[in-house]
Every structure is written in C-alpha cells, then in structure tokens.
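Below you'll find the structure, written out as structure tokens, and then a few comments.
Note that the structure is predicted; figures quoted are calculated from it, not measured. Within every chain, numbering begins at 1; the chains are lettered A, B, ... in the order of the sequence lines, protein sequences first and strands thereafter.
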Protein chains: 2
Amino acid sequence: MTHPRLDHDALRGALETAGLRPTPQRLAVYDQLAAMDHHPTAEEVFRAVRPRSPRISLATVYKALEALVAVGAVDRLGAESAAGPARYDARGDRHYHFRCLRTGTIHDLPTQYDPRLIEQLDPGLADDLRDRGFQVTGYRLELLGYRLPGRDEPGSPGSGRDA
Amino acid sequence: MTHPRLDHDALRGALETAGLRPTPQRLAVYDQLAAMDHHPTAEEVFRAVRPRSPRISLATVYKALEALVAVGAVDRLGAESAAGPARYDARGDRHYHFRCLRTGTIHDLPTQYDPRLIEQLDPGLADDLRDRGFQVTGYRLELLGYRLPGRDEPGSPGSGRDA
DNA sequence: ATCGATGCAAAGCGTTTGCAGGGGT
DNA sequence: ACCCCTGCAAACGCTTTGCATCGAT
C-alpha cells in the first residue's frame, strides 16, 4: 500500500462509464500495478501479473494499461532516455517524481502535490495560455538526478519521509 | 531567434573540452536546431539540415544530437506518448514547456525559470533526498494539455507573451 | 447473435550499432 | 599514423496491430 487506489467497484464503474469492459485481465493488471511499490514497466507488470493471470499476454498488458490510462486510473510516465520503456503509476493521488537519469527508475517524492503551483509561479499563465489556444489540463514536475548505485530495489525504502 | 544560444566558438570549446570534435555536421545540426522556432524531432532536424549539409545521414543527426546533449548545449525532451519521437531544444536558458497531449508538440512558456522553485515548494527536500542517496541535478516542469487544432505551426506565434 | 477483448504472431517506429571509408592533427 | 567521425545498412527494443477465437450480454 503505497498510495490510495481505486477499489474494484470504482474501477469497474470507471471502465464501464467509458464503454470499456471490466475484464479479469484489466482488473488484474490494475491490482498488480497498485500493489507494486515502484513504478514498473509494462514488461515488469507482465511478469508480475502472470501468477494471477497465467494466460495473459504482453500485448494484453499493453492494451489493459492503455485502457486504464484512458479512464484516468493509471498514469503513464514516458521514458526520458529514448532507450528505455515507459513506466506506469496507479495513481490514487497526484504526486511528484524523482527520475534517475542512470537507471530510468522513478521514485515518488514525499512532497504534497500543490494544484496552485502554476498559479503561484506565474499568476494568470493558464488563463493567458487558454486565450491563446492552449488548454491546460495539468502539470508534471519531476526532479532529475542520480540515485546512488546499490540502492535500487531496496528492501525497506519506507523509512524516512518518502510518500 | 527564440532563445539565447551558443556561438560557434563557445560550442567548439564545449565540444573540445569534452574530447569531442567540432565537426561541420555537429555545428550544422546545432545551428539548425537553434534556428528553428519549435522543438523538432531528430527527423525534422535531419530534413531541415540537409540543404546545409547534403550528405548528412539520419544516424549522424542522432549522434550529433547525442554529442550536443552530452556537452549540455541541447536538451532532449523525451516522448510522452510512447508512439512518438523525442524532441530537442537548443536551450540557451532554462525554461518551462507546454506539451500538447494530442500532437506531441512542445511549446515554450513565457514564465521565467526559477531555480529555487523546489526549495520553495518543499524546503529541505533536496538535502533530504541527498541524505537518502538521491542526488538532485535539476528539475523539469511541464504543463500538459491540448492546443486547439489548426494552430500548430502558425506563421506568427511571436505576438503575445511567449518567450 | 452481437460486439468488444484476448492472445498470438508479425509488423511498425524510433533509435542505436557495426563497420568500412574518410579527414584532420 | 593515429583516432575519431561519418554514412550506410542492419539490428534492436518497445509498442502497436491484424486477425482468428473467445466470452459476456
């Protein structure tokens, strides 16, 4: 349990509202993603979900993730280095990320998401952009840097102030 | 001229300091990128630079962009939708971006870059992260949304307050 | 019976790499 | 002479797509 997440009923409802079926594969992919304590790639989700859903295919995982992104249950974090795969986040709440430029791994920040950050940074910017044809729907803030080697995939990252 | 950029001597120096040669192809790629009023893909740079450097190959454009990124003269903006190519920015100054989730195009924001934004958002965060093995080297802030159709590649985006 | 979803394989796209040839120091 | 770079083509990794089958209404 790293972040609040949707229960099955809410997820079913979200999918059905969008005209998508709440299939076992989609629910399994979501559950698996929500249960993982990092932000995995599609391949990692595939491997992790196979015990629960042994006949699932990688293509179905991609399609399930796409459906979950479409209904807003999952956030896709594009690769920064072109040589790497995208990562997925079963966001329950919005939050910021730290991205390791060496490994491509993404870590949650403890900092609380501030919906008014843009307004504080530049008052009137969103209105200004809207008048000029840019509809702003959100923002993404990432710290970039390097995580020390040997600390990836630690056993107990939960100490300290990580969210 | 959209942003301050390095002149040839500075760029030569930056490349040579890094042990890289200031070849005509690399200089041409940089010049072309700096002259473009948007943030093009490698393919767009390739097509645009061909008149100046007719025998250049797409692979060389990729390699040149990689070298320019390595010396800090160019910023690579990873694709958000996995189905799209990365984009490149001949950054002279740091700045923020708006990313269109429909077309993948990236636009500069007029807002001035604030190096203390992270410290203001969460005082002590960077120090805290450093103590826990995360070395923060910078941050990236992007507004996400949709640009109205028919306004891409406009003839005169320079009016208004765009940077 | 209909219509979307799955699973497999194959294709697709952006990017990188291997390597022979070339050019500057 | 050395070493890096270029340009071509082939390979690569990640993601999507075509299509026959499946499953739920």
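- Sorted by first then second residue, the side chain to side chain donor-acceptor pair (under 3.5 Å) pairs that include residues 12-29 of chain A, not counting sequence neighbours, number zero.
- Following rounding to the nearest Å, B:Gln25 (CD) and D:dT6 (P) show an atom-to-atom distance of 5 Å.
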Contact list (N/O, under 3.5 angstrom) for nucleotides 23-25 of chain D vs protein:
residue : atom : partner : partner atom : Å
D:dG23  : N2   : A:Arg21 : NH1          : 3.2

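- Between A:Pro24 and B:Glu43, the residue anchored closer to the 5' end of DNA chain C is A:Pro24, taking for each the nucleotide with the nearest heavy atom.
- Rounded to whole angstrom, the span from the CZ atom of B:Arg55 across to the P atom of D:dA9 amounts to 11 Å.
- For A:Thr41, no side-chain nitrogen or oxygen approaches OP1 or OP2 of D:dC14 to under 4.0 Å.
- In this structure, A:Phe46 has no ring-ring contact (aromatic ring centres under 6.0 Å, His included) partners at least two apart in sequence or on a different chain.
- Per the geometry, CG belonging to B:Leu20 stands 13 Å off C1' belonging to D:dC3, to the nearest Å.
- DNA chain D is contacted by B:Ser57, B:Ala59, B:Thr60, B:Lys63 of residues 57-65 of chain B, taking any non-hydrogen atom closer than 4.0 Å.
- In this structure, of C:dT6, C:dG14, D:dT6, it is D:dT6 that holds the atom nearest to the side chain of B:Arg26.
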Below 3.5 Å, can you tabulate the donor-acceptor pairs from side chains in residues 59-66 of chain A to any protein atom, sequence neighbours excluded?
residue : atom : partner : partner atom : Å
A:Thr60 : OG1  : A:Ser57 : OG           : 3.0

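- With rounding to whole Å, A:Glu80 atom CD is found 18 Å from C:dG14 atom P.
- For the residue pair A:Asp75 / A:His39, no side-chain donor-acceptor distance below 3.5 Å is found, with atom types taken as modelled.
- When the side chain to side chain contact (heavy atoms under 4.5 Å, CB included) test is applied to A:Gln135, the partners found at least two apart in sequence or on another chain are A:Thr137, B:Tyr146.
- Residues satisfying the ring-ring contact (aromatic ring centres under 6.0 Å, His included) test with A:Tyr113, not counting sequence neighbours, are A:Tyr96, A:Tyr139.
- Taking the salt bridge (charged side-chain N to carboxylate O under 4.0 Å, His left out) definition, one finds that A:Asp114 meets it with nothing, sequence neighbours left out.
- Contact of the B:His95 side chain with the B:Leu109 side chain is not registered, since no non-hydrogen atoms from C-beta on lie closer than 4.5 Å.
- Distance, A:Ile56 CD1 to D:dC22 P: 18 Å, rounded to whole Å.
- Rounded to whole Å, atom C1' of C:dT15 lies 9 Å from atom CZ of B:Arg76.
- Distance A:Phe46 CZ to C:dT6 P: 14 Å, rounded to the nearest Å.
- Residues satisfying the side chain to side chain contact (heavy atoms under 4.5 Å, CB included) criterion with A:Asp31, sequence neighbours excluded, are A:His8, A:Arg52.
- Spacing between atom CD of A:Glu66 and atom P of C:dG4 amounts to 15 Å, rounded to whole angstrom units.
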